[in-house]
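Have a look at the structure below before the remarks.
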Amino acid sequence: MPPNTTAHTAFRNWVKRLRREQPQLAEQLRQPVVVGLSGGADSLALLIVAIRFGMEVHAVIVDHGLQDGSEQVAETARQQAEDLGAASARVIAVQCRADDEAQARAARYEALGQIAKGKPVLVAHTASDDAEGVLLSLARGSGLDALAGMRAATRDHPVVHAGAGWLGRPLLMCDRAATELVCREANVSWWEDPHNRSSRYLRSCVRHKLMPQVTDVLGEHAPDALARSARQFRADSDALWAIAKKELQAVASGASKNRNSKKSNLNCAKLAELPAAVRGRIYKLWLTDVAGPLTSAHIGAIDNLVINWKGQQPTAIPWTADNSLQWHVEVSPDSPDNAEETEHWHRIGAMRQTHRLAVQRMDGELRYCAISRRGG
């Protein structure tokens with residue numbers, strides 16, 4: 001029976017919830033799982049707890065090569081995993097640009113997903129990470145979706161797109177102190193990443209400068225309260241997305257000509273009856289196949305076509321990054337530059353230089369279309 005520490009309890013409750021809410025995922029925990037291991041306290045604690053729960057754990061250490069001695073750090077973590085009872089442990093070296101956290105994270109998940117090959121990948125995010133995320137998102141003026149805590153289990157993640165079956169975060173209900181306690185009780189030393197204390201990284205500053213001040217002013221339980229808020233935000237966000245998916249079907253009108261999408265035009269009168277929070281999510285769902293990241297400015301401009309219609313010109317939005325996507329060009333009749341064009345199929349990569357992607361209102365409906373760049 002595993003020790004009854006906070007981390008072990010969090011892991012046990014995560015498994016119970018998974019069995020109750022997502023039994024198909026829980027069943028896969030009887031098979032081999034991949035644990036992303038950095039050598040830090042959080043990931044070592046996850047490894048220890050998963051092994052103690054009888055799981056067949058395969059540890060994968062991704063060496064980004066961004067620091068002197070990273071090979072030794074990775075090798076030490078690999079040896080620790082073997083000593084702790086992992087079924088296997090391996091180091092994967094990846095290339096990424098120095099000081100680019102996003103690129104390093106993308107490379108890490110790409111490597112983990114490719115190795116997992118359909119198996120679950122478990123990572124060691126904790127309640128402390130969620131608490132820090134709330135502060136970062138508030139400072140950036142982000143909305144509910146950014147404030148929402150991380151999902152305990154998800155198939156919507158880069159590691160899944162790279163080949164993993166799904167991503168699990170079993171330790172979201174315990175904090176960083178709890179993972180360090182697991183390591184100490186197991187007599188395991190952990191690596192302290194110097195990047196985690198560098199003032200060059202915003203999250204590091206939040207962790208080591210801002211969070212102590214928050215605790216001093218608001219009390220020692222403030223980080224727990226922030227993490228709890230993140231979980232509540234997650235529940236609210238998921239509920240709004242579920243409503244938006246349902247309402248998208250209700251406001252759809254007319255068939256799309258995009259062979260890669262079944263999406264339709266949107267009825268503006270029906271949209272106007274919905275709350276703004278639902279409308280914004282509908283626009284994002286509707287544009288998923290063709291558009292790139294949409295900012296609040298994009299969403300606001302699209303929404304103005306619905307609730308503040310004054311005959312505006314089409315609103316430009318970014319193309320998707322998927323250049324290979326085959327898309328049916330619906331040219332805008334409002335532009336003289338399009339007068340001699342006919343509808344045709346193109347790969348988005350070929351259209352990017354010749355057409356802008358835009359949302360326009362016509363005959364009381366929203367539609368997305370390609371508008372020629374000719375003539376500026």
Does I243 belong to the same Ile/Leu/Val/Met/Phe/Trp/Tyr cluster as F233, with side-chain heavy atoms less than 4.5 Å apart forming each link?
yes

Check for a donor-acceptor pair, side chain of R155 on one end and backbone N or O of V160 on the other, with a separation under 3.5 Å.
no

State, with a plain yes or no, whether a side-chain heavy atom of H8 is found less than 4.5 Å away from one of V182.
yes

Measure across L147 and S142 and return the closest heavy-atom pair with its distance rounded to 0.1 Å.
CD1-O, 4.4 Å

Heavy-atom donor-acceptor pair, H64 side chain to A104 backbone, under 3.5 Å
yes

Specify the closest pair of heavy atoms between L46 and P170, including all atoms of both residues, with the distance to one decimal.
CD1-CG, 3.8 Å

Over all atoms of both residues, closest heavy-atom pair of A186 and I48:
CB-CD1, 3.8 Å

Would you indicate whether the side-chain heavy atoms of L122 and V57 approach each other to under 4.5 Å?
no

Quick check: are there more than 12 heavy atoms from other residues, nucleotides or ligands sitting under 6.0 Å from CE of M55?
yes

Can you find a pair of side-chain heavy atoms, one from L240 and one from R281, that are under 4.5 Å apart?
yes

Using atom types as modelled and distance alone, determine if a side-chain donor or acceptor of H298 lies under 3.5 Å from a backbone N or O of T295.
yes

Residue pairs meeting side chain to side chain donor-acceptor pair (under 3.5 Å), one or both in residues 75-87, sequence neighbours left out, come to Q72-T76, E75-R78, R78-E82, Q79-D83

Mind listing the closest non-hydrogen atom pair of I282 and A244 along with its distance?
CG1-O, 3.7 Å

side-chain hydrogen bond (donor to acceptor under 3.5 Å, both in side chains) between R361 and Q312: does it pass, once the steps are laid out?
CA-CA 8 Å; R361 176 169 174 157; Q312 298 98 309; over 6 Å; no

Over 12 foreign heavy atoms within 6.0 Å of CG, D216:
yes

Hey, are the side chains of V91 and V60 touching, using non-hydrogen atoms and a 4.5 Å cut-off?
no

Given side chains that start at C-beta, do those of L202 and R140 come closer than 4.5 Å, heavy atoms only?
yes

Should I299 and W319 be regarded as members of a common hydrophobic cluster, given that ILVMFWY residues are connected when their side-chain heavy atoms come within less than 4.5 Å of each other, either directly or indirectly?
yes

C268 side, atom SG; I307 side, atom CD1 - distance, nearest 0.5 Å
11.0 Å

Distance-only, no hydrogens or angles: does the T126 side chain make a donor-acceptor pair with backbone N or O of L171 under 3.5 Å?
no

Side chain proximity check, Q24 to Q22, heavy atoms < 4.5 angstrom:
no

How long is the span from the CG atom in L112 to the CG atom in L37, to the nearest 0.5 Å?
10.0 Å

Could you go through D129 and M150, starting from their C-alpha distance and side-chain angles, then the distance that decides it, and tell me whether this counts as side chain to side chain contact (heavy atoms under 4.5 Å, CB included)?
CA-CA 9 Å; D129 295 304; M150 290 175 280; 3.8 Å; yes

Short side-chain to backbone donor-acceptor contact, T288 and L285, under 3.5 Å:
yes

Given 3.5 Å as the limit, does a donor-acceptor pair link the side chain of K270 with the main chain of N267, or not?
no

Once you round to the nearest 0.5 Å, how far does CG of N265 lie from OG of S253?
5.5 Å

Test log, rule side-chain hydrogen bond (donor to acceptor under 3.5 Å, both in side chains), inputs H58 and S88
CA-CA 5 Å; H58 296 265; S88 71; 2.5 Å; yes

Does atom CG (N308) have a neighbourhood of more than 12 heavy atoms from anything else shown, all under 6.0 Å?
yes

For R207 and P212 the tightest heavy-atom approach is O-CD, 3.5 Å

Measuring from atom CZ of R356 to atom CD1 of I371, what distance do you get when rounded to the nearest 0.5 angstrom?
5.0 Å

Taking the side chain from W286 and the backbone from S264, do they hold a donor-acceptor pair closer than 3.5 Å?
yes

Going by side chain to side chain donor-acceptor pair (under 3.5 Å), name the residues that satisfy it together with W166, two or more places apart in sequence or in a different chain.
Q28

Is a side-chain N or O of R169 found less than 3.5 angstrom from the main chain of R151, in a donor-acceptor match?
yes

Under the side chain to side chain donor-acceptor pair (under 3.5 Å) rule, collect the residues that match up with W309, sequence neighbours excluded.
none

For residues V251 and L305: do they belong to one hydrophobic cluster (side chain heavy atoms under 4.5 Å, members Ile, Leu, Val, Met, Phe, Trp, Tyr)?
yes

Atom of P318, atom of P293 and distance for their closest heavy-atom approach:
CG-O, 3.3 Å

Report whether L172 and W14 are members of the same hydrophobic cluster (ILVMFWY, side-chain heavy atoms less than 4.5 Å apart, transitive linking).
no

Kindly indicate whether the side chain of W241, heavy atoms from C-beta on, has any atom under 4.5 Å from the side chain of D145.
yes

Look up atom CZ in R30 and atom CD in E56, then write down how far apart they are to the nearest 0.5 Å.
14.0 Å

Any chance the side chains of D63 and S70 put a donor and an acceptor closer than 3.5 Å?
yes

Would you say L366 and V290 are hydrophobically clustered, going by side-chain heavy atoms of ILVMFWY under 4.5 Å?
yes

Is R228 salt-bridged to D224, cutoff N-O under 4.0 Å?
no

Working note: K117 + I115, criterion side chain to side chain contact (heavy atoms under 4.5 Å, CB included); need CA distance, chi angles, decisive distance, verdict.
CA-CA 6 Å; K117 295 180 180 178; I115 291 172; over 6 Å; no

Calculate, to the nearest 0.5 Å, the distance between atoms CZ and CG belonging to R203 and L135 respectively.
9.5 Å

R234 bridged to D130 by N-O distance under 4.0 Å:
no

I'd like to know whether F53 forms a side chain to side chain contact (heavy atoms under 4.5 Å, CB included) with R12, so could you lay out the CA-CA distance, the side-chain angles of the two residues, the decisive distance to 0.1 Å, and finally the verdict.
CA-CA 8 Å; F53 268 79; R12 185 184 303 114; 3.6 Å; yes

Run the salt-bridge test on R176 and E132 with the 4.0 Å N-O cut-off and return the result as yes or no.
yes

Side chains of Y368 and L287, heavy atoms from C-beta outward: is any pair under 4.5 Å?
yes

For the CZ atom on R184, are there more than 12 heavy atoms of other groups (residues, nucleotides or ligands in this structure) within a distance under 6.0 Å?
yes

Examine distances only and state if a side-chain atom of S229 and a backbone atom of A225 form a donor-acceptor pair shorter than 3.5 Å.
yes

Decide yes or no on side chain to side chain contact (heavy atoms under 4.5 Å, CB included) for L271 and Y283, but give the supporting numbers first.
CA-CA 10 Å; L271 277 168; Y283 304 145; 4.0 Å; yes

Start with the C-alpha distance between T215 and E220, add both sets of side-chain angles, then the distance that settles side-chain hydrogen bond (donor to acceptor under 3.5 Å, both in side chains), and finish with yes or no.
CA-CA 5 Å; T215 302; E220 61 179 337; over 6 Å; no

